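Heads up: the structure comes next, in structure tokens.
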Amino acid sequence: MSKFTALLAIRTIFYILPSLLFLAFGTAFPSLAVGVKAQGESAIPSRAGKEKAARVVAVAIFNALLGVALQTGTELLFTEVFHMRSGIKVTASLPTPWGIAKDLLSAFAICGVLHYHIHRYVLHSESSSYLSRWHSTWQHSVRAPYAFVATYDHPICYIPSHWVPTYAPALLFRFHVLTCHLFTALVSLEEALVYSGYSVLPSTIVFPGMARRTNAHFTSKGKGNFGVWVLLDWLSGTTVAGGKDVVDDVGDEMEKHGAARRASGAIENGKGMVEGAKERLSGAETGDRKSKRSERRQMRKESVPSIEGE
Ligand SMILES: [Zn+2]
């Protein structure tokens, strides 16, 4: 039961509450939210109708809770029904920070690969199936995503595309419970931020780029940008217009820093030019004085032989 409570708390704190905050902000200050939403006014959830927004929130929270219940149920199935060891490691000795970092990295990689392929080939399969039709009429009925849309889908679509990719790495590597909870928290926060539709997000490259690409997945009606992280779309050539790729994001960022560097460089150059001009001026003055002195010396020399010659 404690596992259920811990997971529920993590999903509530890192996904449901931030999503509610985003929704409240968009509803209470629509004019402010329009300015920071990638799709402007059409991205305000209530614009699509209050009933629709309420349905999205209800289904999204239901799916998030369904994920928590399924994960707890699977754990109980292992330990209580099959009398096997638990899928998640629960020991008093904590993993090292390096061990946690390594596990999290593998978890994000596996989760990303699974989500991309299930989303692309099952939910957007070329041959129509129940799942692709449900994904299209449920999640893709929303034109502009907002945080709750991350888990808004037909539950039968949500389980393979979101729940399985998030839970599979923990089972596969038999994560320590601490790593498992940390990963759930990070994925929850990622979902809330990436689907928020906000173009102004923390971190200059990562989150705004991910949110813009997710936004483009919806505006293109699922023609591309199937992954949350850009790498697989980039390698598979499935990036769609409206979602600049990571090279553009890094380019923009470098451009910004480059502009700042160029500006400070220009100031330095300006200073250098002024200093150089000053030096040249003073050099010219001393040069003038020197040349006048040597002229006078020359004149004196020329006058001496004429005297001698006389
Ligand atoms: Zn889709």
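Both ligands and their constituent atoms are indexed starting at 1 by order of listing. What you see is a predicted model; the values in this text were computed from it and never measured.
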Go through the side-chain N and O atoms of H176 and H181 and say whether any donor and acceptor fall under 3.5 Å apart. no
Parallel, tilted or perpendicular: ring planes of H124 versus H140, cut at 30 and 60 degrees: perpendicular
The Zn ion (ligand 1): protein N, O or S atoms [distance under 2.8 Å]: H119 NE2, H124 NE2, H135 NE2, H140 NE2, H217 NE2
Are the ring centres of H162 and H115 closer than 6.0 Å? yes
Using a distance-only test with no angle check, is there a side-chain donor-acceptor pair under 3.5 angstrom linking K223 and T238? no
May I have all residue pairs that pass side chain to side chain donor-acceptor pair (under 3.5 Å) and include part of residues 58-69, sequence neighbours excluded? none
Do R55's NZ or CZ and the ring of W138 fall within the cation-pi criteria of under 6.0 Å and 45°? yes
